[in-house]
Amino acid sequence: RRAYELGAALYGAEDRNTAALAMNLGTSLGRSNQGEQAVPVLQEAVSLFEQQDGKDALTLVDPLVELGHAALQGAARGGHRKYYDRALGIIADKEGEDSLLYGDVAMEVGTQLVFRAQDRGGRRYLVRAHDIFETRVGPEDVRTGWAAFQLGKYELAVGALGRAEPYLL
């Protein structure tokens with residue numbers, strides 16, 4: 001927090017470095033299970049990046065995903081899906097819905113939703129990531145294998161043994 005405060009004073013409230021410092025602080029807070037404190041900091045990072053790069057810039061993807069993660073936690077819980085979907089929407093517009101970047105982010109979002117939030121809606125993100133990886137880099141790529149493993153694990157957890165089997169073999 002101190003680095004962010006010093007940096008904001010040094011660079012100014014609307015500088016790119018201040019946005020990056022806000023992103024770093026918010027991410028650190030979120031990953032330390034302090035989502036309630038992380039959310040406003042990450043919202044500031046998003047706002048600063050929007051001011052600098054526009055409302056549909058790829059630079060928004062990381063802070064939006066981290067904001068979604070932070071919004072999954074404790075008292076801060078809620079609104080996470082709008083951040084995730086906005087990040088994926090930006091990627092779809094800039095890189096395409098079949099891009100590896102889309103697959104990477106869908107994988108991260110699906111994993112967070114399914115295993116951290118116990119949100120069954122996360123399955124669709126995992127399926128999408130798996131489909132992208134299988135098509136773009138093939139069934140032997142580690143990303144395809146990881147997506148299949150996560151899907152298989154999810155299906156086992158919900159008791160869908162028949163659906164789990166193809167992903168785990």
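Predicted model only: the values in this text are computed from it and were never measured. Just so you know, these numbers use all the heavy atoms, side chains as well, and skip hydrogens, waters and symmetry mates. All residue numbers in this chain count up from 1 along the given sequence.
Of the inter-residue distances, the one linking Glu66 atom CD with Leu29 atom CG reads 11.0 Å to the nearest 0.5 angstrom. Considering OH of Tyr167 and NE2 of His130, their distance stands at 6.0 Å, rounded to 0.5 Å. Rounded to the nearest 0.5 Å, atoms CG (Leu10) and CG (Asp15) are 8.5 Å apart. The CG atom of Asn33 lies 11.5 Å from the CZ atom of Arg31; values are rounded to the nearest 0.5 Å. Note that CZ of Arg86 and CG of Leu67 are 9.5 Å apart. Values are rounded to the nearest 0.5 Å. To the nearest 0.5 Å, atoms CD (Glu155) and CG (Leu168) are separated by 9.0 Å.
Gln43 and Tyr83 are linked by a side-chain donor-acceptor pair at a separation below 3.5 angstrom, with hydrogens and angles left out of the test. A donor-acceptor contact under 3.5 angstrom links the side chains of Asp85 and Tyr125, judged on distance only.
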Verify side chain to side chain contact (heavy atoms under 4.5 Å, CB included) between Glu108 and Asp104, making sure each step is shown before the conclusion. CA-CA 6 Å; Glu108 182 175 350; Asp104 288 338; over 6 Å; no

Can you check salt bridge (Lys or Arg N to Asp or Glu O under 4.0 Å) on Asp98 and Arg136, steps first, answer last? CA-CA 8 Å; Asp98 292 328; Arg136 296 291 308 270; over 6 Å; no

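The side-chain heavy atoms of Leu60 and Val46, taken from C-beta on, include a pair separated by under 4.5 Å. Looking at Arg143 and Leu100, their side chains come closer than 4.5 Å, going by heavy atoms from C-beta outward.
For Glu14 against Gln52, the heavy-atom pair with the smallest separation is O-NE2, 3.0 Å. When all heavy atoms of Leu72 and Ala117 are compared, the closest pair comes out as CD2-CB, 3.5 Å. Minimum interatomic distance between Ile132 and Tyr102 (heavy atoms only, all atoms of both residues): CD1-CD2, 3.6 Å. Taking each heavy atom of His80 and Asp119 in turn, the nearest pair found is NE2-OD2, 3.9 Å. Of all the heavy atoms in Thr59 and Pro63, the pair that sits closest is O-CD, 3.2 Å. Closest heavy-atom contact between Phe115 and Tyr154: CZ-N, 3.9 Å.
No donor-acceptor pair under 3.5 Å is formed between the side chain of Tyr84 and the backbone N or O of Gly110. Between the Thr111 side chain and the Met107 main chain, a donor and an acceptor come within less than 3.5 Å of each other.
For Tyr11, the OH atom counts as loosely surrounded, since its 6.0 Å shell holds 12 or fewer non-hydrogen atoms of other residues, nucleotides or ligands. Within a 6.0 Å radius of CD in Glu165, other residues, nucleotides and ligands contribute 12 heavy atoms or fewer. Glu140 CD: 12 or fewer foreign heavy atoms inside a 6.0 Å radius. Within a 6.0 Å sphere centred on CZ of Arg120, other residues, nucleotides and ligands contribute 12 heavy atoms or fewer.
The cluster map of Ile, Leu, Val, Met, Phe, Trp and Tyr, joined by side-chain heavy atoms under 4.5 Å apart, puts Leu88 and Leu42 in the same cluster.
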